[in-house]
Q: 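Mind looking over this structure? Questions follow.
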Amino acid sequence: MAKTPEPKLTAGETAKVAYYVARMAKRCIASESVDRSDLERKVERVIDGARKREEREEKKRK
């Protein structure tokens, strides 16, 4: 599957990603063996939502 370029994130999306990354870092500080896949999925979900939003905006402009 081809990797699409990273979308431009809104301020809200950036805040969500930063929050999830901070939580992942906190878990890693606690222990290296802690599972953080749930937070990684949440970050991916935010980025996928941004991609879909950009696609919708692109179609609107045409």
Q: For L9 and A50, which heavy atoms make the closest approach, and how far apart are they?
A: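 Closest pair (atom of L9, atom of A50, distance): CD2-CB, 3.6 Å.
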
Q: Output the distance between atom CD (E54) and atom NZ (K52), rounded to the nearest 0.5 Å.
A: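 Rounded to the nearest 0.5 Å, the CD-NZ separation comes to 13.5 Å.
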
Q: Tell me the side chain to side chain donor-acceptor pair (under 3.5 Å) pairs involving residues 13-26, sequence neighbours left out?
A: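 Those involving residues 13-26 are T10-E13, E13-R53.
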
Q: Kindly determine whether D48 and R45 satisfy salt bridge (Lys or Arg N to Asp or Glu O under 4.0 Å), including the steps that lead there.
A: CA-CA 5 Å; D48 287 342; R45 196 173 307 136; over 6 Å; no

Q: Listed by chain and number, what are the side-chain hydrogen bond (donor to acceptor under 3.5 Å, both in side chains) partners of R27, not counting sequence neighbours?
A: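 Only D38 meet the side-chain hydrogen bond (donor to acceptor under 3.5 Å, both in side chains) criterion with R27.
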
Q: May I ask you to list the residues sharing a hydrophobic cluster with V34, side-chain cutoff 4.5 Å, ordered by chain and number?
A: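 Cluster partners of V34: none, it stands alone.
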
Q: Partners of E40 by salt bridge (Lys or Arg N to Asp or Glu O under 4.0 Å), sequence neighbours excluded?
A: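 With neighbours one apart ignored, the set is R36.
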
Q: Under the salt bridge (Lys or Arg N to Asp or Glu O under 4.0 Å) rule, collect the residues that match up with R61, sequence neighbours excluded.
A: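 In terms of salt bridge (Lys or Arg N to Asp or Glu O under 4.0 Å), with neighbours along the sequence ignored, R61 is linked to E58.
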
